[in-house]
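A quick write-up on the structure given underneath.
We number each residue from 1, following the sequence as shown. Just follow the structure's listing: the first ligand is 1, and inside any ligand the first atom is 1.
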Amino acid sequence: MAKAVEGLRLITEEGLRHDGRRPDELRPVRMEVGVLENSDGSALVEFGKTKVMAAVYGPREPIQKYMVLPDRAVLRVRYHMAPFSTSDRKSPAPSRREIELSKVIREALEPVVLSEQFPRTTIDVFIEVLQADGGTRTAGVTAASLALADAGIPMRALVGGVAVGKIEGVLVVDVDEVEDGVGEADLPVAAAPDIGLITLFQLNGVLTREELDRALEMALGAIRRIVDMEKETLKSKYQVAGEGEE
Ligand code: ADP
């Protein structure tokens, strides 16, 4: 799906990437919470040109009454790419990929949400990819984590995500669409570093055992930085004026 660019060298002689980043460097990251009026919590997250919005409703009474569990809330996640998010217009109908990613993202969030505090309710997470340039599933997890916190839903810890790729033999953090299109491997990871939990781990392509260990280490280092940014974003919205200041 991602397009390769003919003849483009993706790692320069100086070891830099096609956009000038070092191998362990994230794209410029922007995060904002409380961006929507009509949901209980929301967030907008950007990794370079990838822009993802998340909106959360709940805990609330389920619309379909049979969809309840007696001992905890049901977490529902919908990942969707807007028709204008890709260079070729994407059909707005949910694709197999979007159905699969909705499940993968739900499973990346479920272990941190304290759903047992809200039996017989649902928590709905809507993830809308506004612009896709690689790494939308991990940006989706990051946006959802922020939107859940913004909705006041108790969580064990915040989750963040990033993909590590192998490009021309070099392991790089936060792959964009060009890199994804030509890379030898792609390892999306999500984790809650504060409780030492990995909640998403996928591998496309082939890595040696040593490369896998190193790629995971790079992903977890980047996720720690991403989760720190999440905390700063939430603090700057919710810190009461004067609190925490010298
Ligand atoms: P992720 O977005 O998590 O990296 P993929 O590896 O499936 O997921 O996709 C990589 C990138 O390919 C996406 O971020 C997006 O830029 C592009 N892409 C995915 N699906 C489509 C599609 N249906 N049409 C055009 N581009 C797409």
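Of the heavy atoms in Asp133, only backbone atoms (N, CA, C, O) come closer than 4.0 Å to ligand 1.
Considering backbone and side-chain N/O atoms, Thr138 never comes within less than 3.5 Å of an N/O atom of ligand 1. Ligand 1 has an N or O atom lying under 3.5 Å from an N or O atom of Glu177, backbone or side chain. Distances between N or O atoms of Lys90 and those of ligand 1 include no value under 3.5 Å. Ligand 1 has a nitrogen or oxygen under 3.5 angstrom from a nitrogen or oxygen of Arg137. On a distance-only criterion, Leu101 and ligand 1 share no N/O pair closer than 3.5 Å. Polar contact check, Met81 against ligand 1: no nitrogen or oxygen pair lies under 3.5 Å apart.
For the pair Pro188 and ligand 1, no heavy-atom separation below 4.0 Å is found. The shortest heavy-atom distance from Ala163 to ligand 1 is not under 4.0 Å.
Of the residues listed (Val141, Leu234, Leu158), the one engaging Leu146 in a side-chain contact (heavy atoms from CB on, under 4.5 Å) is Leu234, and it is the only one. Of the listed residues (Leu148, Leu109, Val77), just one forms a side-chain contact (heavy atoms from CB on, under 4.5 Å) with Ile123, and that residue is Leu148.
If you number the atoms of ligand 1 from 1 as listed, the ones under 4.0 Å from a heavy atom of Asp180 come out as 6 (O), 10 (C).
No donor-acceptor distance shorter than 3.5 angstrom exists from the side chain of Glu217 to the backbone of Arg214, with no hydrogens or angles considered. Proximity of a side-chain donor or acceptor of Asp40 to a complementary backbone N or O of Gly58 within less than 3.5 Å is detected.
Counting only N and O atoms by type, the side chains of Arg106 and Tyr79 include no donor and acceptor under 3.5 Å apart. Between the side chains of Ser95 and Glu98, a donor-acceptor pair is found at a separation under 3.5 Å. Side-chain atoms of Gln117 and Arg72 include no donor-acceptor pair closer than 3.5 Å.
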